[in-house]
Amino acid sequence: MPRTPFRTRVTAAVLLASTAGGCMVGPNYHRPSVTAPPAFKEAKGWAPAQPSDAADKKDWWTAFGDPTLNELEARVNVSNQTLAADEAAYRAAHAIVAEDRAALFPTATVGASGDRTFTGGGASSSKFANATGTSTRTTATSTTSILYEPTLGASWAPDLWGSVRRTINSAKATAQSDAALLANARLSMQTELASDYILLRQYDQETRLYDAEVAAYTRSLEVTQNKYRAGNAAQSDVLTAETELQTIEASYQDLVRLRALMEHAIAVLVGVAPADLTLPPGDWNLKLPQIPTVLPSALLQRRPDIAESERAAASASELIGVQVAAYYPTIALTATAGFESNALSNLFGLSNAFWSIGGSATETVFDAGLRGARVRQFRAQYDEAVANYRETVLAAFQGVEDNLAAQRVYGGEQEKLQAAAAAATLNQTLTLNEYNAGTVDFTTVATAQVAAVQAQVAELQIEASRLATAVSLIEALGGGWTTTELPKS
């Protein structure tokens with residue numbers, strides 16, 4: 001039988017490997033199914049999303065209308081160290097994709113060697129005639145040889161069953177999951193900063209309320225002391241006035257502490273030491289944004305945490321195929337070519353050339369159930385990832401519903417508390433006038449003053465809660481992020 005020419009054999013092997021490379025064993029990934037309600041139960045009366053809504057964009061914090069908040073949010077994106085760590089993790093995951101992709105291609109090597117070899121040959125003898133007869137001469141013999149050998153080698157394990165391509169797909173999905181993790185971390189840092197900033201300004205406003213009350217309580221104490229000295233008030237009235245003043249001054253000091261904590265937290269979020277950030281007291285001028293809602297099914301494309309868990313499921317699915325491929329034979333092709341000569345002058349002559357090409361195929365015939373156990377392991381890990389994905393979706397639906405309900409309830413509470421604060425403030429004024437006229441005792445005044453402060457603080461706190469809930473709702477709706485921002489490769 002005539003032998004097939006070498007070039008034909010190589011071409012046939014490459015074509016066979018390329019054709020077989022289209023086979024990928026194992027399951028093909030499909031996004032896990034989830035059941036999304038047609039609408040949010042708590043969204044009655046809310047407007048649908050519009051492209052012009054500031055709260056529906058990536059720079060959603062601008063909807064609160066505070067320039068200082070805008071400046072701080074810009075610094076989070078640049079200097080926050082948690083985001084820097086997550087960004088580095090994403091870059092590492094992206095590099096793994098390129099690392100895995102390299103396994104699809106042959107590996108080529110170049111080498112060169114030069115050997116100088118000395119061989120001792122022992123002794124040799126020779127006989128010769130002379131005038132006295134025959135003599136024997138003994139001489140030592142040895143050889144020295146030099147061998148030069150440049151070589152070029154290549155090896156390739158064709159991806160016949162898709163193990164490498166499944167690994168690449170898994171690495172891509174992991175990199176996308178890390179990109180979504182980074183986006184989710186960024187959104188969390190942004191919303192945490194906004195919430196801390198709202199608290200900071202709430203404490204500023206509470207401090208102003210307490211400043212006014214301290215001044216009022218101080219005047220009340222002076223009036224009471226004057227009345228006591230004139231014999232028109234009891235000493236108990238003076239003691240009550242002093243108690244009120246000292247109590248509210250203590251509350252004032254606690255506000256100073258809480259505000260300092262918020263300022264320190266904001267400093268860390270923007271990536272600086274607390275000693276390097278000072279935020280002067282500011283006015284209470286934050287606006288409650290109008291937040292549009294979306295359909296529940298849209299959250300699947302708008303929440304980075306959902307995208308993160310879905311991509312993790314995709315990565316786990318691809319790894320099942322990697323384990324299934326272990327049931328099939330592994331084929332490797334190798335080739336080596338070079339020159340070999342004892343002299344550099346004719347090293348690259350055709351007569352000194354050599355080459356070799358070969359292939360091998362291996363298949364495991366007994367492993368005591370190892371491959372089956374690994375396939376079951378990775379199927380179970382995929383099932384776990386799917387369950388985590390579905391739980392993340394449900395938690396996302398809950399987050400939106402919770403914050404929609406809170407917004408509606410807080411709105412009703414704020415109206416009531418505004419009316420209560422107005423009534424308490426008016427009552428404080430009236431009772432103080434009555435006390436000065438001598439028609440009521442100071443206990444009535446003290447009670448009215450405490451009620452007025454508590455009502456004003458309660459009104460402020462519910463307004464701050466509405467603002468904080470608006471931040472949480474924006475986060476629950478994805479903060480303007482979409483899956484189109486995930487890397488493609």
Side-chain angles (χ1 to χ4, degrees), residues 17 19-36 86 89-90 92-104 157-184 297 299-301 303-332 361-398 483 486-489:
T19 302
C23 175
M24 294 178 67
V25 298
N28 292 322
Y29 174 73
H30 300 283
R31 181 191 293 268
S33 60
V34 292
T35 302
D86 288 337
Y90 162 68
H94 193 266
I96 291 175
V97 177
E99 178 183 334
D100 291 337
R101 188 179 286 119
L104 286 174
D159 187 29
L160 299 180
W161 318 116
S163 175
V164 175
R165 280 165 291 153
R166 292 286 192 196
T167 302
I168 293 171
N169 290 343
S170 176
K172 284 182 180 179
T174 298
Q176 290 173 329
S177 179
D178 283 350
L181 176 65
L182 173 60
N184 193 54
S297 58
L299 287 189
L300 304 182
Q301 308 299 322
R303 291 263 305 218
D305 57 339
I306 291 178
E308 176 197 351
S309 59
E310 185 274 329
R311 289 289 82 199
S315 176
S317 174
E318 296 295 338
L319 291 178
I320 298 173
V322 175
Q323 299 305 315
V324 172
Y327 282 105
Y328 297 85
T330 300
I331 295 177
T362 59
E363 182 175 6
T364 303
V365 295
F366 177 74
D367 61 7
L370 175 63
R371 288 171 294 179
R374 285 178 174 171
V375 171
R376 293 193 301 273
Q377 173 193 347
F378 281 86
R379 287 189 185 278
Q381 290 176 351
Y382 168 71
D383 292 341
E384 178 185 5
V386 170
N388 289 336
Y389 166 68
R390 289 171 174 157
E391 182 65 22
T392 301
V393 172
L394 290 175
F397 293 159
Q398 178 188 357
T483 53
L486 290 176
K488 304 302 180 185
S489 61

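Heavy atoms only: backbone and side chains are in, while hydrogens, waters and symmetry mates are out.
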Do side-chain atoms of [X] reach the backbone of [Y] as a donor and acceptor pair under 3.5 angstrom?
X    : Y    : result
Q176 : P487 : yes
R390 : S33  : yes
R166 : A325 : no

Does some side-chain heavy atom of [Y] sit less than 4.5 Å from a side-chain heavy atom of [X]?
X    : Y    : answer
L370 : R374 : yes
V34  : L300 : yes
W161 : P329 : yes
N169 : Y29  : no
L181 : Y90  : no

Minimum heavy-atom separation for [X] to [Y], with atom names?
X    : Y    : result
A385 : A316 : CB-CB, 4.3 Å
S315 : A173 : N-CB, 3.6 Å
L299 : A396 : CD1-O, 4.0 Å
R165 : C23  : NH2-O, 3.0 Å
A175 : V97  : CB-CG2, 4.2 Å
R379 : P27  : NH1-CG, 4.5 Å

**Asked** Are side-chain N/O atoms of T483 and Q301 paired as donor and acceptor at under 3.5 Å?
**Response** yes

Rounded to the nearest 0.5 Å, what separation is found between the [atom1] atom of [X] and the [atom2] atom of [Y]?
X    : Y    : atom1 : atom2 : value
S309 : N184 : OG    : CG    : 9.5 Å
L486 : K172 : CG    : NZ    : 13.5 Å
T174 : D100 : OG1   : CG    : 9.5 Å
T167 : L319 : OG1   : CG    : 7.0 Å
S163 : M24  : OG    : CE    : 9.5 Å
D367 : Y327 : CG    : OH    : 7.5 Å

**Request:** Evaluate whether atom OH of Y328 has more than 12 neighbouring non-hydrogen atoms of other residues, nucleotides or ligands under 6.0 angstrom away.
**Result:** no

**Item:** Residues I331, L160; criterion side-chain contact (heavy atoms from CB on, under 4.5 Å); working and verdict
**Value:** CA-CA 8 Å; I331 295 177; L160 299 180; 3.2 Å; yes

**Item:** Criterion side-chain contact (heavy atoms from CB on, under 4.5 Å) on R31 and E310, from CA distance to verdict
**Value:** CA-CA 7 Å; R31 181 191 293 268; E310 185 274 329; 3.4 Å; yes

